[in-house]
There are 2 protein chains.
Amino acid sequence: MTTVRKRADARRNEQALLDAAAAAFVETGVDVPVRAIAARAGVGVATIYRHFPTRADLIVAVYRHQVEACAEAGPELRASAPSPYDALVRWIDLFVDFLGTKHGLAEVLQSGDPTYATLHTWFVDRLVPVCAELLAAAADAGQVRGDVRALELMRGVGNLCIGAGTDERYDARRMVRILMAGLRHD
Amino acid sequence: MTTVRKRADARRNEQALLDAAAAAFVETGVDVPVRAIAARAGVGVATIYRHFPTRADLIVAVYRHQVEACAEAGPELRASAPSPYDALVRWIDLFVDFLGTKHGLAEVLQSGDPTYATLHTWFVDRLVPVCAELLAAAADAGQVRGDVRALELMRGVGNLCIGAGTDERYDARRMVRILMAGLRHD
DNA sequence: CACGATACGGAACATTGTTCCGTTTATCAA
DNA sequence: TTGATAAACGGAACAATGTTCCGTATCGTG
């Protein structure tokens, strides 16, 4: 399978867009206007759409590595943590860390806006199985109630992370800890 | 204090707008375009802004009675429930009922969008004290941990309600129950 | 070096919130 | 009843943003 090599300027622009988007996401949030990203990368708006048909594709590309790392940490924690429940809690911590530092990502993930359907699907496909594994192990060990599905838990945690960092009176991490504590009941 | 009586057409239009907005909120969500509300009420867009300077004011006007009822239920539950914790849980249930049936309201409440600042403030001012009362009673009775503030709890619950009703795999009410269960730990 | 395919840039279009202004209408006094 | 006046109105106009289109420029290859 000989990969068709893209033109040099196309590859250059794609990288410039990824860099510009990453910076803009940090500075303004994932809902930064496309024109701002384009200007920052020194390209026209159409170039964004050519490389990333939807905004979701761009977000996915920017955060691919970090989400991948989070997914891979699941099995590792399962092996190294003192108990299945600990493994689950620590993994959820990683997830919260990730979401908490991405201004507006949690919001957009749960928004239901069709623009972000790809993003939502990608998160679910990649992370829910990992969470399900940890959750099942904890349930099998009798450490958490058995009637909660991974998708539900992740969505709840994601929801709790909305607005994290915008109001010092709201501590998303603490709320997630309380939710995880509630999981222990039957 | 003689109240300056507004013109008859102004009063008529204000009521028509409230009715149209209520219907549109149910049908489309609280983020329905202003033009759609105006058309439904048979008025021009400027008439909306004349009566309700911001979208938040319109939402507040539409839901005023229901939020008021929720606020008033707090002391009643406190008196009638078998325990302070039960009172708290039941009151939170009412709150979830309210949010769950208002498409997009939970989203908008936590969005941080300055457009909805008035709405956010109104919710906080009216409901947080009620929640604080119930929470303090439960904490005094040793039924819940004492380090969670009412604002934080309500915000967490509000967040968990985001997306309720748009995905049958996510049961906001169950997640709220789990959060409330987590509150019992120290 | 020339040519075809690829990619580009920015104008143009669509949607939505918000404001402005010329026109209409309700109210009240004569 | 009628006319003056302040209140209220409607819709055009403006601004911001997402998305698409098309004429032009550039890359890669023979």
Side-chain angles (χ1 to χ4, degrees), chain A residues 2-21 24-25 27-61 103-104 107-108 111-119, chain B residues 2-21 24-25 27-61 103-104 107-108 111-119:
Chain A
T2 58
T3 311
V4 256
R5 197 176 175 73
K6 274 197 290 192
R7 257 172 59 168
D9 54 349
R11 267 176 291 132
R12 198 174 346 111
N13 280 334
E14 181 165 337
Q15 190 55 51
L17 276 171
L18 284 173
D19 294 345
F25 288 170
E27 211 168 278
T28 309
V30 295
D31 56 350
V32 61
V34 284
R35 280 169 178 77
I37 301 175
R40 193 166 199 146
V43 305
V45 285
T47 298
I48 291 191
Y49 288 96
R50 217 168 283 119
H51 288 283
F52 307 99
T54 71
R55 178 190 290 271
D57 294 311
L58 180 54
I59 298 176
V60 169
H103 192 163
E107 283 80 342
V108 128
S111 71
D113 185 331
T115 308
Y116 299 107
T118 305
L119 180 62
Chain B
T2 58
T3 311
V4 258
R5 198 175 174 76
K6 275 198 289 192
R7 259 172 57 167
D9 53 350
R11 265 176 293 134
R12 199 174 345 113
N13 281 333
E14 181 164 336
Q15 190 55 52
L17 277 171
L18 284 173
D19 294 345
F25 289 170
E27 211 168 278
T28 310
V30 295
D31 56 350
V32 61
V34 284
R35 281 167 178 76
I37 301 175
R40 192 165 199 145
V43 304
V45 285
T47 298
I48 290 191
Y49 288 96
R50 217 166 284 119
H51 288 284
F52 306 100
T54 72
R55 177 191 290 272
D57 294 311
L58 180 54
I59 299 176
V60 168
H103 193 160
E107 284 80 341
V108 127
S111 71
D113 185 332
T115 308
Y116 300 106
T118 305
L119 180 62

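Order of the sequence lines fixes the chain letters, A, B, ..., with proteins taken first and strands second; residue numbering starts at 1 for each chain.
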Rounded distance in Å - CD1 (A/Ile48) to P (D/dG18): 9 Å

What distance separates A/Ile59 CD1 from A/Tyr116 OH, expressed to the nearest 0.5 Å? 5.5 Å

Starting at atom CZ of A/Arg55, determine the distance to atom P of D/dT19, rounded to an integer number of angstrom. 7 Å

Gap between atoms CZ and C1', on A/Arg5 and D/dC27 respectively (whole Å): 13 Å

C/dG17 C1' sits how many Å from B/Ile59 CD1, rounded? 14 Å

Pairs meeting criterion salt bridge (charged side-chain N to carboxylate O under 4.0 Å, His left out) with involvement of residues 8-21 of chain A, two or more places apart: A/Lys6-A/Glu14, A/Arg7-A/Asp9

Got a second to check how far A/Asp31's CG is from A/Thr115's OG1, nearest 0.5 Å? 12.0 Å

Quick one: pull up CD1 in A/Ile37 and CG in A/Leu18 and give me the separation to the nearest 0.5 Å. 10.5 Å

Find the distance B/Arg12:CZ to D/dA7:C1' and express it as a whole number of Å. 13 Å

A/Pro53 or B/Arg35: which one's nearest nucleotide on DNA chain D is closer to the 5' end? B/Arg35

DNA chain C: B/Tyr49 or A/Ala46, which has the more 5' nearest nucleotide? A/Ala46

Quick note, salt bridge (charged side-chain N to carboxylate O under 4.0 Å, His left out) partners involving residues 45-61 of chain A, not counting sequence neighbours, are none

If I take atom CD in residue B/Glu14 and atom P in nucleotide D/dA7, what distance separates them, rounded to the nearest angstrom? 17 Å

Considering only nitrogen or oxygen atoms on both sides, find all protein atoms under 3.5 Å from nucleotides 28-30 of chain D and state each distance.
from   : atom 1 : to     : atom 2 : distance (Å)
D/dG28 : OP1    : A/Ala8 : N      : 3.0

Within this structure, what is the CG-to-P distance between B/Asp31 and C/dG17, rounded to whole angstrom? 9 Å

Nearest whole angstrom, please: distance from the P of D/dG18 to the CG of A/Asp113. 11 Å

